[in-house]
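Every chain is numbered from 1 and lettered A, B, ... according to where its sequence line falls, protein lines coming before strand lines.
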Amino acid sequence: MIRVEAVGKTFMQRDGAGYTALEDIDFEIGKGEFVSILGPSGCGKSTLLNVVAGLERADSGRVEANGKEVAQPGPDRIVVFQDHALYPWLTVLENVAFGLKQKGIKKKERRERAMEQIRAVHLGKFADRYPHELSGGMKQRVAIARALVMDPEILLMDEPFAALDEQTRLLLHKELEQIWLNTRKTILFITHNIREAVTLSDRVLVMSTRPGRIKKEFRVRATRPREPGDSVLHHIESQIMDTLAAELEKVAKEEYGNDYTLEKSPLSHSAASNLGDGI
Amino acid sequence: MIRVEAVGKTFMQRDGAGYTALEDIDFEIGKGEFVSILGPSGCGKSTLLNVVAGLERADSGRVEANGKEVAQPGPDRIVVFQDHALYPWLTVLENVAFGLKQKGIKKKERRERAMEQIRAVHLGKFADRYPHELSGGMKQRVAIARALVMDPEILLMDEPFAALDEQTRLLLHKELEQIWLNTRKTILFITHNIREAVTLSDRVLVMSTRPGRIKKEFRVRATRPREPGDSVLHHIESQIMDTLAAELEKVAKEEYGNDYTLEKSPLSHSAASNLGDGI
Amino acid sequence: GSSKDNAGSKSADPVTVKIGLLKNVTHAPAFVAIQKGYLQTRLGDNAKIEVQGFNNGADFSTALATGQIDIGYVGPSPVINQYVRSKNIKILSGANNGGAVLVARKGSGVTSVKDLAGKLVAIPTKGSTNEISLRLLLRDQGLQVTTDKSGTQLIAMAPADTLTAMKQGQVDATLLPEPWGTQIANEGIGDIVVDWDRIPPNKGNYPLTIIVSGDGFLKDHRDLAKSVLLANEDAIKFIHDNPDETYSLVSDELKELTGKGLDAELIEAALSHLSLTTDIDRDALKTMAQVAVDAGYVKGVGEAGLDLTGLYDLSLLKETLEGK
Amino acid sequence: MTTRWRKALFLILLLVIWETAYRTMHWGWRFPSALQTMQTFYDGIANGQLLDATMGSLRRILIAFSLSCVIGMTLGVLFARSRLLDETFGFVVVALQTVPSIAWLPFAIIWFGLNDMSVIFITTIGATWTMTIASRSGIRNIPPIYLKSAQMFGTGRGFRLFYQVMVPAAIPQLITGMRMAWAFAWRALVSGELIARGIGLGQLLEEGRSLGDTSVMLCIVLVIAILGTISDHLVFKRIENRIWTQYGLNAAKT
Amino acid sequence: MTTRWRKALFLILLLVIWETAYRTMHWGWRFPSALQTMQTFYDGIANGQLLDATMGSLRRILIAFSLSCVIGMTLGVLFARSRLLDETFGFVVVALQTVPSIAWLPFAIIWFGLNDMSVIFITTIGATWTMTIASRSGIRNIPPIYLKSAQMFGTGRGFRLFYQVMVPAAIPQLITGMRMAWAFAWRALVSGELIARGIGLGQLLEEGRSLGDTSVMLCIVLVIAILGTISDHLVFKRIENRIWTQYGLNAAKT
Ligand SMILES: Nc1ncnc2c1ncn2[C@@H]1O[C@H](COP(=O)(O)OP(=O)(O)OP(=O)(O)O)[C@@H](O)[C@H]1O
Ligand SMILES: Nc1ncnc2c1ncn2[C@@H]1O[C@H](COP(=O)(O)OP(=O)(O)OP(=O)(O)O)[C@@H](O)[C@H]1O
Ligand SMILES: [Mg+2]
Ligand SMILES: [Mg+2]
């Protein structure tokens with residue numbers, strides 16, 4: 001269970017000015033819920049996740065995880081990072097067992113528990129490889145195994161599949177869903193892929209940018225396991241796209257300056273027609 | 001117009017064994033047509049494109065572009081690479097003008113023609129920046145401008161948007177479609193994103209792996225400009241997914257070895273249900 | 001240096017005496033004292049002798065001042081330089097006077113000291129006794145030492161390198177200890193311009209090799225220092241009496257120090273260009289010190305001039321001479 | 001700003017401690033005092049000796065370094081382009097690179113004499129092999145995609161490809177190689193000057209040693225340190241950073 | 001395989017050309033012939049002089065290098081962890097690093113005498129600053145995500161974080177720094193031995209020079225080249241490559 005109350009965060013920029021990354025964020029994630037956060041690049045998704053993980057401190061507001069206030073990172077809230085963050089000097093097995101080692105668990109038990117998780121992500125044969133010998137998808141699986149072996153109540157995932165190709169991503173979606181269905185962890189999942197968010201989550205929070213706020217919330221009421229052809233998903237996807245359109249435009253305008261006018265924007269056009277479709 | 005006839009290509013591997021990357025590839029792309037090639041990683045898509053571009057030689061068969069046999073790279077067939085391949089020591093303007101310079105065009109005209117294309121991709125303000133000062137999407141725009149300024153009859157694009165985030169990719173899809181509608185270049189587009197292929201192309205060629213062959217061809221008869229909500233697209237997407245399922249499994253099995261059994265595979269499951277959906 | 005605990009208990013613990021010397025024929029008394037065993041005999045069986053050869057007096061003086069050697073043979077100029085700084089070394093005795101010559105390269109156009117204007121002259125080390133002699137020569141002729149062609153340029157170079165440099169025409173003249181000068185003349189590379197008995201100060205009768213000791217050693221092992229002086233006198237006497245035998249002894253010691261012996265004729269020539277004596281001409285040394293001061297090698301000397309009184313301890317020499 | 005003040009303060013403190021230590025701990029002639037060193041420095045500047053020596057050393061290293069850049073790059077390009085050459089001769093260059101160039105000094109003295117030429121020779125030798133290896137790998141490591149796309153845009157495979165694409169593409173590695181080569185050249189120069197002759201910092205240092213004058217020695221070491229810092233950190237490193245930033249290669253670093 | 005043969009052939013050819021050149025071009029005493037050199041090499045091995053010298057040099061460099069690794073890494077860690085230290089003292093280390101360590105030799109001779117200690121001292125100095133800078137930046141450049149996730153898994157912020165994450169994460173840079181430090185140490189050693197005394201390769205080289213025996217000189221240069229190649233390319237570079245490959249840092253290179 002995660003409770004985020006009126007959280008705000010301002011970064012000091014190099015020029016000395018403050019940059020409000022998060023402002024007045026309020027939400028709650030129930031136990032065993034799978035919630036995604038969507039938003040344009042730079043809107044503060046990672047910052048929010050880091051605050052929940054305890055890796056960064058909020059300037060205002062409070063964050064509670066499992067009823068306790070979050071003050072520092074802990075093994076009850078494990079983050080799966082976008083670029084896996086496996087230790088290159090450790091083998092797959094050692095990487096997965098790293099957290100257990102810190103808990104002081106004996107070598108033999110450590111090994112057993114780690115192998116169990118490694119097998120669960122179909123990498124039994126690769127336990128003695130080093131990360132660089134694995135493909136991107138396999139590394140991400142190891143990262144998930146490393147998180148699961150800690151048996152945390154909360155999994156925080158920061159664009160875990162962004163660096164992967166489409167096919168691998170599809171495979172991992174299915175696996176993640178399966179794992180979640182089996183273990184019923186509370187998962188906070190960050191992505192900027194609308195389809196991914198819709199396919200995986202119970203609820204999707206859409207963030208707005210500058211400052212980062214929660215703009216809208218969507219509940220995905222589709223059957224599990226999710227199927228790509230499900231029209232409920234397509235419908236919600238269109239709705240989210242619509243919500244995001246204005247934000248995307250804001251980002252695009254910042255990037256291209258006045259070269260990029262609203263009239264010409266192909267996105268608002270598509271979003272509008274999309275909306276009609278959705279209805 | 002591109003004609004590929006019975007093209008085959010075998011690489012010598014480090015262990016001395018030959019690896020058949022392409023076998024008996026046959027297809028034709030009409031003038032002004034937008035054709036995508038889809039296929040699992042390593043199936044030979046890039047190899048095929050390089051052969052068409054003249055950057056690699058086929059071992060057998062022949063490739064014709066605009067009626068002439070392809071023997072070496074030329075300015076009538078420009079490739080847009082996945083990682084843009086802009087020269088970091090040149091500004092945006094100089095990068096775009098690079099090809100014109102080789103043609104011996106005077107500095108003033110070069111500048112004008114390059115600026116025109118740069119403005120067409122909404123980067124007028126960034127002409128004097130160096131590539132590292134641009135975002136991924138902007139770099140890819142520059143790469144496109146650099147290709148367009150050569151006014152080639154054929155554009156060859158090798159996963160040009162794979163490294164971008166979802167939102168930028170959506171923006172660029174629309175732009176590319178617009179450019180194509182305006183200029184009617186012949187485009188051969190490589191991707192492993194099914195949705196991208198379906199959204200952009202007139203035709204989609206699906207490749208199988210080991211050896212690389214054309215497995216199936218899909219014609220996308222949806223109105224232009226394409227709209228994400230179009231049910232024709234969703235339908236074809238499902239069909240393609242189905243066609244790819246077996247290939248993806250092949251790849252997955254290779255990666256995970258026997259750990260990964262057909263029974264457990266979540267993909268064939270989803271593909272099957274997907275198929276029903278599609279029908 | 002040798003440890004203090006050994007002082008006085010001569011018969012009990014063995015003492016190591018570290019003797020330094022330069023690898024020059026002008027150190028012949030030292031070579032003979034070692035080769036003939038005079039040193040070992042005088043120091044007694046209890047003393048272990050360690051010989052260290054140095055390439056120049058500067059290194060020797062540094063080693064002496066820092067206690068890496070106890071006593072040894074060296075030229076006076078570097079000793080004065082070192083004494084002014086560290087004040088912890090003493091001159092005990094002389095070993096020979098003279099023994100350096102000024103040689104000019106054939107074709108350099110140098111036939112007298114006057115011709116050295118605008119020429120390049122090599123010396124073994126900066127601040128060496130030979131350099132002081134050279135400076136005195138130049139001063140007598142009213143020539144300046146400069147860093148450009150307007151006067152005489154000096155360059156520090158090991159004698160072996162000087163030989164090569166002269167062959168290649170890179171050095172015009174050199175003032176250096178024997179037998180290098182004779183060798184250069186013999187090989188036809190150059191001619192002797194100022195012979196050993198006309199080199200200032202005192203027309204060749206200046207100390208070129210002397211015996212010096214560190215204060216520490218002198219304090220703890222005065223007896224051993226005296227033994228060294230005695231061995232030195234033995235050696236000088238031997239050289240006077242058996243010149244022919246001396247040549248091979250010198251060559252042997254040189255071979256041990258440098259890996260290469262020397263022809264008897266060269267050694268003979270060298271030995272005939274110096275006078276072996278235990279005398280110390282303090283006036284000559286004073287003149288030399290003044291030249292070093294003028295050259296800026298010795299800093300911090302007040303109006304009163306250089307005070308070298310603490311540099312000499314000739315009482316041991318007196319004892320040995322009287323004791324005979 | 002505060003950092004600069006802190007540095008200045010630290011320097012002043014250092015001087016004070018140094019002088020105090022000298023006086024209280026009686027280092028005597030083994031290490032000069034701060035005041036003695038400053039006096040020597042002032043004298044050296046005043047009588048021009050220090051400036052002459054610095055100029056002499058700089059002249060030598062600049063000649064040697066230019067030579068080794070030219071030779072090294074030429075060799076490097078040859079090695080990069082000819083597989084045969086690389087495979088048969090390559091290991092010789094690698095072996096030569098590991099030889100401290102001072103080891104050639106005795107030969108240089110025989111060939112050129114105890115003079116400038118010898119010092120320039122060993123300084124050149126000291127930097128050349130590093131430059132060779134850097135430019136070879138600089139050219140080798142050019143992403144093939146740069147060369148491919150250049151040909152697509154019509155540079156051909158000849159000289160235009162070389163100077164429009166290969167040279168600029170290799171520049172970051174060349175600069176890094178130059179910085180390394182400079183460090184080696186600098187070391188070779190000082191040790192060469194210590195042994196061989198000629199007006200230079202090394203020779204001045206050796207003179208200081210002959211006369212047992214530690215304040216001269218320290219003075220020279222300080223001048224060498226200042227020159228080294230300026231050349232390496234204020235010139236080479238700056239250029240390197242600028243180029244690497246322009247080429248977008250620093251992203252991973254920060 | 002063919003490459004190996006070609007190399008061998010090239011070497012033999014080189015020897016033949018060398019000997020022929022010597023005989024036809026009358027190099028005389030300026031450069032030894034191939035046969036003379038081999039004879040000298042054989043003699044040196046036979047009478048044990050060459051082996052003794054090699055062992056002497058190796059002993060010195062190993063002592064010095066170990067010392068400088070220990071000192072350098074300790075300093076590096078301190079600089080990496082304390083911003084204050086880094087900002088006030090950092091520039092001193094940078095300046096010291098640019099001073100060729102041979103410049104300290106005159107001081108070393110005064111402090112320790114013309115002996116082993118002096119050579120070891122300047123060799124140590126020659127490698128220490130490079131090690132300091134390498135380990136400082138190795139620790140500084142650890143991706144923050146490694147440290148974050150380590151804390152998440154419960155290493156805390158103390159010693160366990162240090163030796164379980166910081167040290168291994170910095171190893172690739174440490175190895176590269178060591179390789180660089182070794183090259184500097186090697187240069188310092190040879191120039192130090194040339195000037196100071198003690199049984200070593202540098203001293204043997206200097207003896208060869210004073211005897212005007214070029215074959216001894218070349219022999220020593222060859223031994224130095226072989227030792228250098230073995231230590232740098234067969235030891236350090238291999239380790240570096242292995243580590244960089246294991247850490248997956250070479251991907252971008254090839
Ligand atoms: N340490 C920092 N110092 C200053 N600004 C920061 C810092 N970390 C993040 N920011 C800024 O805060 C904003 C939010 O960053 P954050 O990484 O949370 O975005 P994000 O939504 O995760 O973006 P992306 O989708 O690109 O990962 C960005 O504009 C970023 O520039
Ligand atoms: N130069 C080469 N030498 C040996 N094998 C090669 C070479 N280039 C490609 N291959 C092999 O040929 C096969 C096809 O490669 P290609 O790059 O065309 O695949 P792709 O379909 O573009 O894959 P991706 O989607 O990952 O880009 C791969 O298995 C690859 O390992
Ligand atoms: Mg983020
Ligand atoms: Mg590809």
Hey, what do you get for [atom1] ([X]) to [atom2] ([Y]), rounding to the nearest 0.5 Å?
| X | Y | atom1 | atom2 | value |
| --- | --- | --- | --- | --- |
| Ser191(D) | Arg187(E) | OG | CZ | 9.5 Å |
| Leu84(D) | Arg6(E) | CG | CZ | 5.0 Å |
| Leu194(E) | Leu194(D) | CG | CG | 10.5 Å |
| Thr88(D) | Leu14(E) | OG1 | CG | 11.5 Å |

Side-chain contact test, heavy atoms from C-beta onward, threshold under 4.5 Å: evaluate it for [X] versus [Y] and give yes or no.
| X | Y | answer |
| --- | --- | --- |
| Pro100(E) | Ile224(D) | yes |
| Ile110(E) | Met217(D) | yes |
| His233(E) | Thr98(D) | yes |

Structural part of [X] lying under 4.5 Å from a heavy atom of chain D:
| X | value |
| --- | --- |
| Phe91(E) | side chain |
| Leu218(E) | both |
| Leu11(E) | side chain |

Decide yes or no on side chain to side chain contact (heavy atoms under 4.5 Å, CB included) for Phe10(E) and Val92(D), but give the supporting numbers first. CA-CA 10 Å; Phe10(E) 163 70; Val92(D) 177; 3.6 Å; yes
Quick one: of [options], who has the most non-hydrogen atom pairs under 4.5 Å with chain D?
| options | value |
| --- | --- |
| Arg140(E), Gln97(E), Arg209(E), Glu206(E) | Arg209(E) |
| Ala103(E), Pro143(E), Ala8(E) | Ala103(E) |
| Leu205(E), Leu227(E), Asp232(E) | Leu205(E) |
| Trp111(E), Phe31(E), Trp104(E), Phe184(E) | Phe184(E) |

Taking CZ in Phe112(D) as the centre, count heavy atoms belonging to other residues, nucleotides or ligands within less than 6.0 Å. Is the count above 12? yes
Looking at Phe107(D) and Thr214(E), what are the two nearest heavy atoms and their distance? CZ-O, 3.7 Å
